[in-house]
Amino acid sequence: MIVVVNEKRVEVDEQTTVATLLESLGFPDRGIAVALDLSVLPRSRWATKLSELPGDSLHFEVVTAVQGG
């Protein structure tokens, strides 16, 4: 299965969850937000298998919180 994360195509197993995808790509556990097809994906849904998410193609944007002023 192919998903797109921050405009990069990534091949994953259908049993992969959002959380394991993020971990495999080196994203930290905290301080990030995930959008799926331009809608924020709540952390409570990160345990969902990618194959169970709606849509024919999955496009994720992952952003890191930055502190500044």
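Because only heavy atoms are used, hydrogens play no part in the values below, and waters and symmetry mates are left out as well, while side chains stay in.
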Starting at [atom1] of [X], measure out to [atom2] of [Y] and round the result to the nearest 0.5 Å.
X: Glu61; Y: Leu38; atom1: CD; atom2: CG; answer: 7.5 Å
X: Ser57; Y: Ile2; atom1: OG; atom2: CD1; answer: 11.5 Å
X: Glu52; Y: Gln15; atom1: CD; atom2: CD; answer: 8.0 Å

Taking the side chain as every heavy atom from C-beta outward, state whether Val34 and Arg45 have any pair of such atoms under 4.5 Å apart.
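With C-beta onward as the side chain, the pair stays apart.
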Do the non-hydrogen side-chain atoms of Val3 and Thr16 ever get within less than 4.5 Å of each other?
no
In this structure, would [X] and [Y] fall into the same cluster of hydrophobic residues linked by side-chain contacts under 4.5 Å?
X: Val4; Y: Leu22; value: no
X: Ile32; Y: Val18; value: yes
X: Val40; Y: Phe60; value: no
X: Met1; Y: Leu41; value: yes

Quick check on side chain to side chain contact (heavy atoms under 4.5 Å, CB included): which of Leu21, Leu58, Thr17 does Val12 satisfy it with?
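Running side chain to side chain contact (heavy atoms under 4.5 Å, CB included) over Leu21, Leu58, Thr17 with Val12 returns exactly one hit, Leu21.
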